[in-house]
Amino acid sequence: MSKTVPSPSSASSPSGAESPGDNEVTADNAAEILAADDDPSISAADSSGRSKPSRRTLLTVGSLAAAAVVGTGAYLTIRRTNQGVVGAHEALPLVIGGDICAAPLYAAYHQGFFDDAGLKITLARTQQTEDTKDGVGAGKYIGAPGIFFSWLEPIYNGLNAKLTAGLHAGCLRLVVNNDSPYQSLADLKGSTIGVPSLSSSAFAYFAIGLSEAGINVDPDGGDITWRTVDADSLGTSLADGQVDAIMGSDPAPLLPVFNGTARELANNDAEEFCCSVALNGDFVKKQPERAKALTQAWLKGSAYVPDHIEEIAKLEVDNNYVAADQDVVVRVLKTYGFKASASRFRAAIEPGIEKFKTTGFIKADVSAQSLTNAVVADLGIKD
């Protein structure tokens with residue numbers, strides 16, 4: 001039975017949770033760390049001699065959590081502190097951020113799959129300036145859909161979150177104008193690329209391909225000039241020549257492609273999974289049965305979408321979940337592969353981590369298997 005609800009609004013923090021901005025940084029203090037990073041004498045390089053991202057960069061990319069190299073060569077980790085998890089009888093706030101690819105969440109919510117699992121769910125619309133990952137890690141939100149590549153580095157650096165299943169493939173695009181001379185990722189060396197933020201899923205994912213093409217992606221002195229552009233303005237910035245390429249999640253980077261003025265240079269359609277279920281770590285640890293039920297209901301939502309694309313597209317538009325026309329949402333959803341799984345997701349993460357290590361945002365000597373074990377929560381779901 002379909003469920004009709006008013007358009008969601010920003011959620012307040014449950015159980016008296018404080019704002020993520022109130023977190024205390026316990027590694028002496030952040031000011032001293034950032035001041036040290038401004039000293040050009042303090043730097044790090046991997047075994048190949050390529051400069052690794054600075055601690056200031058990692059604080060930006062990882063959103064308040066980073067491994068910081070100190071003068072002795074030891075590693076100092078700044079970690080978020082959890083601010084409380086909702087109780088067993090309280091509503092579970094899940095994040096929506098305006099992306100078409102959150103269709104499995106919308107389907108599960110409106111088709112009553114969460115209700116069937118005995119879960120009370122609220123959808124919380126975040127602001128563009130809010131860090132979703134930090135909100136989930138702090139317990140302000142119980143979960144969020146998200147590209148798993150963008151969660152690896154924050155969890156590696158202490159974010160209190162776990163990934164429990166993969167939802168679908170495809171939804172990230174790197175786009176250039178039709179008359180652009182760029183024909184491959186390697187050609188982008190020296191270019192200016194527009195991206196919604198340096199903590200975005202698109203940045204995390206395409207940093208891998210760019211790094212593998214021999215490009216230093218470090219925002220501090222690398223081979224690319226990164227320009228932060230509001231998602232809604234990505235197409236305009238490309239058309240006006242403010243940037244040479246744009247990257248982001250659907251629908252923003254695809255709109256100029258649909259208009260016939262641009263083309264995709266790269267995407268993540270070939271990956272088995274892109275979006276995943278990300279849950280607060282303490283929720284998974286303390287309430288594993290609810291975490292399992294929530295994940296299974298979410299997976300049912302993903303299974304529902306491919307045979308009901310027109311319906312889900314209308315639902316996304318009518319409820320103001322996305323800022324796009326219904327025909328655009330339909331075209332985008334038809335490009336995804338909805339083969340959700342918890343069991344196959346674990347197997348897909350490990351090689352993904354090996355790839356992500358090439359960016360320098362995770363140390364080269366980190367065990368992909370160990371990090372996978374830390375990132376993924378096995379809730380006993382066989383799907």
Side-chain angles (χ1 to χ4, degrees), residues 1-6 8 11 14 85-97 99-126 132 135-136 139-148 151 161-169 171 273-309 311-313 315-316 319 321-322 333 336-346 348 376-383:
M1 180 175 64
S2 295
K3 183 175 183 178
T4 304
V5 298
V85 178
V86 296
H89 301 293
E90 296 180 72
L92 305 176
L94 302 180
V95 171
I96 60 172
D99 294 325
I100 290 175
C101 59
L105 173 57
Y106 306 139
Y109 183 77
H110 285 271
Q111 289 304 310
F113 298 149
F114 293 123
D115 293 337
D116 294 343
L119 302 170
K120 183 179 180 181
I121 299 295
T122 61
L123 300 184
R125 187 186 302 278
T126 58
T132 296
V136 171
K140 179 178 181 181
Y141 309 112
I142 285 302
I147 308 297
F148 79 82
W151 289 80
K162 294 286 186 180
L163 306 182
T164 61
L167 294 169
H168 63 78
C171 73
F273 299 106
C274 59
C275 283
S276 61
V277 175
L279 301 179
N280 173 269
D282 279 1
F283 174 68
V284 171
K285 180 179 180 180
K286 297 176 181 179
Q287 302 182 46
E289 290 305 316
R290 295 183 86 202
K292 179 178 180 179
L294 189 154
T295 301
Q296 288 175 315
W298 212 323
L299 290 173
K300 287 182 181 179
S302 184
Y304 184 86
V305 173
D307 294 329
H308 304 85
I309 285 180
E311 173 192 336
I312 298 302
L315 184 154
E316 290 194 9
N319 287 277
Y321 292 148
V322 301
L333 288 177
Y336 298 161
F338 291 95
K339 296 182 179 179
S341 174
S343 57
R344 287 186 291 106
F345 180 64
R346 170 62 177 77
V376 179
D378 183 356
L379 297 174
I381 301 172
K382 303 304 181 184
D383 295 342

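Looking at E311 and H110, their side chains never come closer than 4.5 Å, going by heavy atoms from C-beta outward. In this structure the side chain of K339 reaches within 4.5 angstrom of the side chain of R344, judged on heavy atoms. L294 places a side-chain heavy atom less than 4.5 Å from the side chain of I121. Between T132 and Y141, every side-chain heavy-atom pair lies at or beyond the 4.5 Å cut-off. The shortest distance between side-chain heavy atoms of L105 and F114 falls below 4.5 Å. Taking 4.5 Å as the limit, every side-chain heavy atom of L94 sits out of range of all side-chain heavy atoms of Y109. Between P104 and P145 the shortest side-chain heavy-atom distance does not fall below 4.5 Å. In this structure, Y106 and N319 have side chains that are not in contact, with every pair of non-hydrogen atoms separated by 4.5 Å or more.
The minimum heavy-atom distance linking L167 with A340 is given by the pair O-CB, 3.5 Å. Here the shortest heavy-atom pairing between G301 and A107 reads O-CB, 3.6 Å. Nearest heavy atom pair, residue S343 against residue K382, reads OG-O, 3.4 Å. Taking every heavy atom of both residues into account, G143 and V136 meet most closely at C-CG2, 4.1 Å. Heavy atoms only, all atoms of each residue included: G380 and K292 are closest at O-NZ, 3.8 Å. Looking at every heavy atom in both residues, F283 comes nearest to A291 through CE2-CA, 3.6 Å.
For the atom pair CG of D99 and CD1 of I147, the computed distance is 8.0 Å after rounding to the nearest 0.5 Å. Considering CD of Q111 and CG of D116, their distance stands at 9.5 Å, rounded to 0.5 Å. Of the inter-residue distances, the one linking R290 atom CZ with L92 atom CG reads 4.5 Å to the nearest 0.5 angstrom. Within the model, atoms SG of C275 and CH2 of W298 stand 9.5 Å from one another, a figure rounded to the nearest 0.5 Å.
The side chain to side chain contact (heavy atoms under 4.5 Å, CB included) search around A348 returns E272, F273, not counting sequence neighbours. Among residues two or more places apart in sequence or in another chain, the side chain to side chain contact (heavy atoms under 4.5 Å, CB included) test is passed with T295 by T164, A165, V277, L279, L299, L379, I381. Applying the side chain to side chain contact (heavy atoms under 4.5 Å, CB included) rule to A103 yields the partners V305, I312, E316, L333; only residues at least two apart in sequence or on another chain are considered.
Using a distance-only test at 3.5 Å, with no hydrogens or angles considered, a donor-acceptor pair links the side chain of S276 to the main chain of G146. Although no hydrogens or angles enter the test, the distance criterion places a donor-acceptor pair under 3.5 Å between the side chain of H168 and the main chain of C101.
Between F148 and F345, the ring planes are perpendicular. Angles over 60° get that label, and only those under 30° would be called parallel.
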